[in-house]
A.B. asks: 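Attaching a single structure in structure tokens format; questions to follow.
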Amino acid sequence: MQATLEDFFKALRGSDLKISLNAQIDAARAVELVGWSDRTLLKSALGTTLAKTTADRALYDEAFDRFFRFSSFENMAAQDPPDQDQDKQTATGSGGPGGCQGSGGQALSQLLMSGDSAALAKRMQEAAREVGLTDIWFFTQKGFYTQKIQQAMGLELLDREISDAKRQTLAPERAKALELARKKLFVEVRNFVERKLALFGTAPTRQLHDDFLQSQKLSNIEKRDFARMHVIVSKIAKRLAERHSRRKKKRVRGQLDFRKTLRKNAAYDGVMFETFWRSKVVDRPRVVAICDVSGSVRQYARFLLLFLHSLGEQVSDLRSFAFTNHLVEVSDTFESLPVEQAVDKVMQAVGGSGTDYGQTLLDIEAQLLDDIDRRTTVLILGDARNNRGQAHAEVMQLLYQRARRVIWLNPEPVSFWGLGDSEMKRYAPYCHIARECNSLAHLESTLDALLRTHSASA
């Protein structure tokens, strides 16, 4: 009973539903009260303790229906044993009592030939637990677990019986029947393993894929993974926001103001009934993001903009610009549309042939320089490849002198800076930070450092 419940908890985690230890304890108590026999009551009781939100409830319902499923070996015989309570069998389909009675010490061949679907299902569930099927993560493990479960069910003895029947000239029909039953056994076990892989392996497999996407060069991310990347960016941004929000809440309290505290409590003979703290102004960063959206770095700009605009209130004033050969402000697009849609619109709207960093810097001088002060962080994303045009590095020098920080994120390796038409070595001396940045992990560490520095200096 406890093993079945623990397997169910693992199935819920595999479905991306996070359940706390307290919720698991409450669920175990609920099962003690309602029992396993009534499927509807069991589902309701477990759902009340394990699903806290509407989204959680949807995940829970799907996982419950897939976990407590009784459909194996349904077609092993023309007629199943009578008087089977379907709901009761379903609720106990992963090893609970009630639906899989009667396998006892019977040989596998006897169960297969009798067509006792309940006993066969029970035998398979026991074998699955014996070989640790709940640890299945990858589709490459399907064959391994299919074979291990069959062996645990008694496949070796079945194969010997088939061999003996073949040698007996008077029992050809039995040999054929056993071989057919063996094939059906394989199909049933394989289907069972595939269902469990979908149940237990979804979240771990997705996490591995997410880890892979975070370490991949953003230029190599395929379109089919964009939706998942947007989800990952949203999660990371939320994590960063929560982390730095906690830091700011701690810092905003400040230090004890002894003078004010003593003065205000003079009426109480010096007993400090009320305490007063020195307050600190929390300085959220003002950021000007300037992104090259030409073909070579388009993907990097997409995810930087997505990242920045997902940080919400952690960046008090964010202005976004995109360019190929002229600077275009795109802040209004992000104010009027959801972040994902705004990114797509910017990528489509801002374009042009031939990247011109020199002209873009002149545009920055004309449009932006007066708005940049010691509270502003200028964040530039681009490869600094200027098609042999004028570099106008003097504008970078002006930015360096006026801004709090100038950060340049270059998708190319440092060894490529200055080669060919790259002007990076002329721009880098006028950057407080210039670093290689070509993956989601790089973006996260950069923005984490940006928020941390502002929090520390507040």
A.B. asks: Report the relative orientation of the aromatic rings in F323 and Y357; use parallel for angles under 30°, tilted for 30 to 60°, perpendicular for over 60°.
C.D. replies: perpendicular
A.B. asks: If we only count heavy atoms from C-beta on, is the E161 to L157 side-chain gap below 4.5 Å?
C.D. replies: yes
A.B. asks: Who pairs with H326 by ring pair (Phe, Tyr, Trp, His ring centres under 6.0 Å), at least two apart in sequence or on another chain?
C.D. replies: none
A.B. asks: Please confirm whether the backbone N or O of T49 pairs with a side-chain atom of D26, one donor and one acceptor, at under 3.5 Å?
C.D. replies: no
A.B. asks: Between R129 and E126, is any pair of side-chain heavy atoms under 4.5 Å apart?
C.D. replies: no
A.B. asks: Check D448 with R239, please: is the shortest side-chain N to carboxylate O separation under 4.0 Å?
C.D. replies: no
A.B. asks: Calculate, to the nearest 0.5 Å, the distance between atoms CZ and CZ belonging to R319 and F334 respectively.
C.D. replies: 14.0 Å
A.B. asks: Donor-acceptor check, side chain of S234 to backbone of H230, threshold 3.5 angstrom: yes or no?
C.D. replies: no
A.B. asks: Is it the case that the side chains of D292 and S294 hold a donor-acceptor pair, with the cut-off being a distance below 3.5 Å and no angle test?
C.D. replies: yes
A.B. asks: Look up atom NZ in K235 and atom CG in L240, then write down how far apart they are to the nearest 0.5 Å.
C.D. replies: 14.5 Å
A.B. asks: Look only at the side chain of Q341 and the backbone of P338, and say whether a donor-acceptor pair between them is shorter than 3.5 Å.
C.D. replies: no
A.B. asks: Look up atom OG1 in T146 and atom CG in N191, then write down how far apart they are to the nearest 0.5 Å.
C.D. replies: 9.0 Å
A.B. asks: Got a sec: does the CD of Q151 have more than 12 other heavy atoms crowding it under 6.0 Å?
C.D. replies: yes
A.B. asks: Is there side-chain contact between I407 and T377, with heavy atoms separated by less than 4.5 Å?
C.D. replies: yes
A.B. asks: Hey, is the main chain of M153 close enough, under 3.5 Å, to the side chain of R123 for a donor-acceptor pair?
C.D. replies: yes
A.B. asks: Look only at the side chain of S44 and the backbone of T40, and say whether a donor-acceptor pair between them is shorter than 3.5 Å.
C.D. replies: no
A.B. asks: Evaluate the criterion side-chain contact (heavy atoms from CB on, under 4.5 Å) for residue pair F8 and Q24; output intermediate values, then yes/no.
C.D. replies: CA-CA 10 Å; F8 181 51; Q24 293 178 46; over 6 Å; no
A.B. asks: Just wondering, do L158 and L112 contact through their side chains at under 4.5 Å, heavy atoms?
C.D. replies: yes
A.B. asks: Indicate the atoms forming the closest heavy-atom contact of A23 with L50, along with that distance.
C.D. replies: O-CD2, 3.7 Å
A.B. asks: Would you say CZ of F416 has more than 12 non-hydrogen atoms from neighbouring residues, nucleotides or ligands within 6.0 angstrom?
C.D. replies: no
A.B. asks: Give, for atom CD of E444 and atom CD of Q214, the distance between the pair rounded to the nearest 0.5 Å.
C.D. replies: 6.5 Å
A.B. asks: Can you name the nearest heavy-atom pair linking S445 to R435, along with the distance?
C.D. replies: OG-NH1, 4.1 Å
A.B. asks: Starting at NE2 of H442, measure out to CD of E436 and round the result to the nearest 0.5 Å.
C.D. replies: 6.0 Å
A.B. asks: Who pairs with E222 by salt bridge (charged side-chain N to carboxylate O under 4.0 Å, His left out), at least two apart in sequence or on another chain?
C.D. replies: R224
A.B. asks: Is there a side-chain contact (heavy atoms from CB on, under 4.5 Å) between Y145 and V189? Walk through the geometry before answering.
C.D. replies: CA-CA 9 Å; Y145 278 107; V189 175; over 6 Å; no
A.B. asks: Can a salt bridge be assigned to the pair E156 and R160 using a cut-off of 4.0 Å between side-chain N and carboxylate O?
C.D. replies: yes
A.B. asks: What pair of heavy atoms forms the shortest contact from L447 to L379, and how long is it?
C.D. replies: CD2-CD2, 4.3 Å
A.B. asks: Which atom pairs, donor and acceptor, lie under 3.5 Å between side-chain atoms of residues 55-64 and protein residues at least two apart or in another chain?
C.D. replies:
from: D56; atom 1: OD2; to: T53; atom 2: OG1; distance (Å): 3.4
from: R57; atom 1: NE; to: D61; atom 2: OD1; distance (Å): 3.1
from: Y60; atom 1: OH; to: K43; atom 2: O; distance (Å): 2.7
from: Y60; atom 1: OH; to: G47; atom 2: N; distance (Å): 3.0

A.B. asks: Does Y300 have any ring pair (Phe, Tyr, Trp, His ring centres under 6.0 Å) partners at least two apart in sequence or in another chain, and if so, which?
C.D. replies: none
A.B. asks: Does L41 have any side chain to side chain contact (heavy atoms under 4.5 Å, CB included) partners at least two apart in sequence or in another chain, and if so, which?
C.D. replies: V34, D38
A.B. asks: Heavy-atom distance under 4.5 Å between the side chains of L440 and L213, does that happen here?
C.D. replies: no
A.B. asks: Could you go step by step and tell me if L218 and N438 meet the side-chain contact (heavy atoms from CB on, under 4.5 Å) rule?
C.D. replies: CA-CA 6 Å; L218 295 174; N438 53 34; over 6 Å; no
A.B. asks: Please find the pair of heavy atoms, one from W417 and one from P413, that lie closest to each other, and give the distance.
C.D. replies: CD1-O, 3.2 Å
A.B. asks: Indicate yes or no: at least one non-hydrogen side-chain atom of L133 is less than 4.5 angstrom from one of F192.
C.D. replies: yes
A.B. asks: Give a yes or no answer on whether the side chain of D421 reaches the backbone of N387 with a donor-acceptor pair at less than 3.5 Å.
C.D. replies: yes
A.B. asks: For L42 and G35, which heavy atoms make the closest approach, and how far apart are they?
C.D. replies: CD1-O, 3.7 Å
A.B. asks: Quick one, R385 with T355, criterion side-chain contact (heavy atoms from CB on, under 4.5 Å). Give me CA distance, side-chain angles, the key distance, then yes/no.
C.D. replies: CA-CA 7 Å; R385 294 201 172 273; T355 309; over 6 Å; no
A.B. asks: Got a sec: does the CZ of R228 have more than 12 other heavy atoms crowding it under 6.0 Å?
C.D. replies: yes
A.B. asks: Using every non-hydrogen atom in the two residues, find where N325 and T360 come nearest and quote the distance to one decimal.
C.D. replies: C-OG1, 3.9 Å
A.B. asks: Looking at side-chain heavy atoms only, is the closest gap between L318 and S331 below 4.5 Å?
C.D. replies: no
A.B. asks: Working to the nearest 0.5 angstrom, can you tell me the gap between E423 CD and R388 CZ?
C.D. replies: 8.5 Å
A.B. asks: In chain order, what residues pass the side chain to side chain contact (heavy atoms under 4.5 Å, CB included) check against K238, with sequence neighbours excluded?
C.D. replies: E242
A.B. asks: Do L305 and C291 touch side chain to side chain, with heavy atoms closer than 4.5 Å?
C.D. replies: yes
